Amino acid sequence: MDLLDTLTDKGLRGEIPTREEALAVLATTDDELLDVVAAAGKVRRRWFGRRVKLNYLVNLKSGLCPEDCSYCSQRLGSKAEILKYTWLKPEQAADAARAGVAGGAKRVCLVASGRGPTDRDIDRVTDTMAAIKDADPEVEICVCLGLLSDNQAERLKAAGADAYNHNLNTSEGTYGDIATTHTYADRVDTVQKAHGAGLSACSGLIAGMGESDEDLVDVVFALRELGSDSVPVNFLIPFEGTPLAKEWNLTPQRCLRILAMVRFVNPDTEVRIAGGREVHLRSMQPLGLHIANSIFLGDYLTSEGQAGQADLDMIKDAGFEVEGAGEATLPRHRADLAEAAAAAGSCGTAASACGSGGGCGPCGGGHSHGAPEATPVAESVEESNDGLREDLVKVRRRGAGTELAPNA
């Protein structure tokens, strides 16, 4: 297939496709799917070998968000039955982080719902990072607190943060359809602030919200232009009680094509399968590992993932290995750029003048080792007319009606 040969050759050289080529990936048929996965897999192995980076989420503050992001179970007016709590104490967060690191996670992601942090919130997160780094100085810390104000990124960097997550989520042209309390430009500004302070930029998207192929390509190219070092690909979990509760638009095949398109546009960038992989990729998750080089371990912000040991078994059975703490995630040339940006305190990208709201959406993971099992909210398994498993949102709704430890 000429398209895949072209994309493979470009990816192996670290070049990006044209918009037309990216759109063509999304338009491939199911008969061509394994060829698409194989082509993207060659590019993935060229830059990342067979390593899989594990990330672990600690949800510092859940629910109670004033933003109206349509996809989010923590949004203003959400009726989703989720755990709601205010800030964890630093020692509580550090205990949760230790569980993830013990399971093989290399990066801990600290997330808090809300429009953005106050200066007091930055102090809280600083104390939390200190507690985590005291226990394990080598662990990477990514912070996700929403929209940043001036000098907040610099404070986080000085306190020991390695990265900042703020997702663009969807294209600029359709952003107003999913949120009205902040803008796409606000999100871009926060990514630029983080990158400009020398933090590694972690910014991704959510697929399955009713967007077009053109929207998906637009946001992925925008992420490339912003210089994101890590691109989390979330697949919408249509939570009951949110405006997008009925948006069941994804199949495993569609998810794999989206992942492949993201890989071709970001050949030498960390591509992470984030929220919704169990719900939408299901038994085809191992194929996703041939495209992406990073996943979240265990549970998500307000929904369950598969057990952490099941993730580890899947990685091993698929012929991959967990990336060690001493191994560099990014290829040398990308790592050099990131280090230079950190040293200079500037992003070094054309998209930024160096000057995602309400946390990071549904992305994130972190298996709660030793925590009691969540009680399913609904036990019946029903198939919709088109075969999509709507029941999985119910059985994976995190923590409703349980005494589950508040780390996910």
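All residue numbers in this chain count up from 1 along the given sequence. Given the structure is predicted, the values throughout are model-derived calculations rather than measurements.
Atom NE2 of His280 is separated from atom CD1 of Ile273 by 13.0 Å, given to the nearest 0.5 angstrom. Between the NZ atom in Lys316 and the CD atom in Glu321 there is a gap of 12.0 Å [rounded to 0.5 Å]. Note that CZ of Arg254 is 8.5 Å distant from CG of Asn249, once rounded to the nearest 0.5 Å. Here CD of Glu15 is found 11.5 Å from CG of Leu7. Values are rounded to the nearest 0.5 Å. Taken to the nearest 0.5 Å, the CD1 atom of Ile258 stands 6.5 Å off from the CG atom of Leu26. Rounded to the nearest 0.5 Å, atoms CG (Asn59) and CG (Leu110) are 10.0 Å apart.
The backbone N or O of Ser113 sits less than 3.5 Å from a side-chain atom of Lys61, completing a donor-acceptor pair. The backbone N or O of Arg282 lies less than 3.5 Å from no partner atom in the side chain of Arg277, so there is not a single donor-acceptor pair. With hydrogens and angles disregarded, no donor-acceptor distance shorter than 3.5 Å links the side chain of Arg272 to the backbone of Asn55. A side-chain donor-acceptor contact under 3.5 Å links Asp68 to the backbone of Thr180. At least one donor-acceptor pair closer than 3.5 Å links the side chain of Thr190 to the backbone N or O of Leu148. Side-chain atoms of Gln152 come within 3.5 Å of backbone atoms of Ser149 as a donor-acceptor pair (strictly under, hydrogens ignored). With Arg263 contributing its side chain and His290 its backbone, the two residues share no donor-acceptor pair below 3.5 Å. Not a single donor-acceptor pair under 3.5 Å links the side chain of Asn293 to the backbone N or O of Phe48. Without hydrogens or angle criteria, Thr242 side chain to Phe239 main chain gives a donor-acceptor distance under 3.5 Å. Checked by atom type and distance alone, the side chain of Arg51 never pairs as donor or acceptor with a backbone atom of Ser294 at under 3.5 Å.
Residues Thr183 and Asp186 have side chains that bring a donor and an acceptor to within less than 3.5 angstrom of each other. Side chains of Asp121 and Thr118: a donor-acceptor N/O pair is present below 3.5 angstrom, by distance only.
Using a 4.5 Å heavy-atom cutoff, the side chains of Phe296 and Cys109 are in contact. No side-chain heavy atom of Leu330 sits less than 4.5 Å from a side-chain heavy atom of Asp268. Counting only heavy atoms from C-beta outward, the side chains of Arg98 and Asp136 never approach each other to under 4.5 Å. In this structure, His182 and Cys69 have side chains that are in contact, with non-hydrogen atoms separated by less than 4.5 Å. At least one side-chain heavy atom of Leu54 sits less than 4.5 Å from a side-chain heavy atom of Ile315. Contact annotation: the side chain of Leu168 approaches that of Leu223 to within less than 4.5 Å [non-hydrogen atoms, C-beta and beyond]. At a threshold of 4.5 Å between non-hydrogen side-chain atoms, the residues Val233 and Leu205 count as touching. The shortest side-chain heavy-atom distance between Val231 and Ser203 does not fall under the 4.5 Å cut-off.
Arg155 pairs by the side-chain contact (heavy atoms from CB on, under 4.5 Å) definition with Asp119, Ile122, Asp123, not counting sequence neighbours. Partners of Arg332 according to the salt bridge (charged side-chain N to carboxylate O under 4.0 Å, His left out) rule, which considers only residues two or more places apart in sequence or in another chain, are Asp336, Glu339. With sequence neighbours excluded, the residues forming a side-chain contact (heavy atoms from CB on, under 4.5 Å) with Ala310 are Gln306, Ala307, listed by chain and number. Here Ala161 pairs with Met129, Val143, Leu156, Leu199 under the side-chain contact (heavy atoms from CB on, under 4.5 Å) rule; sequence neighbours left out. With sequence neighbours excluded, the residues satisfying side-chain hydrogen bond (donor to acceptor under 3.5 Å, both in side chains) with Arg19 are Asp218. Residues meeting the side-chain contact (heavy atoms from CB on, under 4.5 Å) test with Leu34, sequence neighbours left out: Leu287.
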How far apart are the C-alpha atoms of Ser212 and Asp215, what are their side-chain angles, what is the distance that settles it, and do they pass the side-chain hydrogen bond (donor to acceptor under 3.5 Å, both in side chains) test? CA-CA 5 Å; Ser212 67; Asp215 292 323; 3.1 Å; yes
Can you check salt bridge (charged side-chain N to carboxylate O under 4.0 Å, His left out) on Asp189 and Lys193, steps first, answer last? CA-CA 6 Å; Asp189 178 67; Lys193 281 185 168 71; 2.4 Å; yes
When you look at Leu23 and Leu216, which way does the side-chain contact (heavy atoms from CB on, under 4.5 Å) test go after all the steps? CA-CA 9 Å; Leu23 284 167; Leu216 287 171; over 6 Å; no
Apply side-chain contact (heavy atoms from CB on, under 4.5 Å) to residues Thr28 and Val36 and explain how you reach the verdict. CA-CA 8 Å; Thr28 54; Val36 172; 3.7 Å; yes
side-chain contact (heavy atoms from CB on, under 4.5 Å) between Tyr56 and Val101, worked out: CA-CA 8 Å; Tyr56 184 96; Val101 173; over 6 Å; no
Go through the steps to decide whether Thr181 and Glu67 satisfy the test side-chain hydrogen bond (donor to acceptor under 3.5 Å, both in side chains), and finish with yes or no. CA-CA 6 Å; Thr181 49; Glu67 302 299 290; 2.9 Å; yes
What do the steps show when you test Arg224 against Ile16 for side-chain contact (heavy atoms from CB on, under 4.5 Å), and what is the final call? CA-CA 9 Å; Arg224 179 74 186 187; Ile16 64 173; 3.7 Å; yes
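Taking a 6.0 Å sphere around NZ of Lys42, one finds it holds 12 or fewer heavy atoms contributed by other residues, nucleotides or ligands.
The shortest non-hydrogen separation linking Pro286 to Ser283 is CD-O, 3.5 Å. The two atoms that bring Arg50 and Ala318 nearest to each other are NH2-O, 3.7 Å, heavy atoms only. Across all non-hydrogen atoms, the minimal contact from Ala274 to Asn234 is CB-OD1, 3.1 Å. Of all non-hydrogen atoms in Phe264 and Ala40, the two that sit nearest each other are CZ-N, 3.6 Å. When all heavy atoms of Asn169 and Met209 are compared, the pair lying nearest together is O-CE, 4.0 Å.
Each of Lys106, Lys133, Lys157 was compared with Asp162 under the salt bridge (charged side-chain N to carboxylate O under 4.0 Å, His left out) criterion, and only Lys133 meets it. Looking at Cys142, Cys144, Ser228 one by one, the single match for side-chain contact (heavy atoms from CB on, under 4.5 Å) with Cys202 turns out to be Cys142. Among the candidates Asp229, Thr329, Asn165, the single residue satisfying the side-chain hydrogen bond (donor to acceptor under 3.5 Å, both in side chains) test with Ser200 is Asp229. Checking each of Leu259, Asn266, Val265 against Val262 for a side-chain contact (heavy atoms from CB on, under 4.5 Å) leaves exactly one that passes, namely Asn266.
Salt bridge present: Glu140 and Lys53 bring a charged side-chain N and a carboxylate O closer than 4.0 Å.
Ring centroid separation for the pair His195 and Tyr164 does not come in under the 6.0 Å cut-off.
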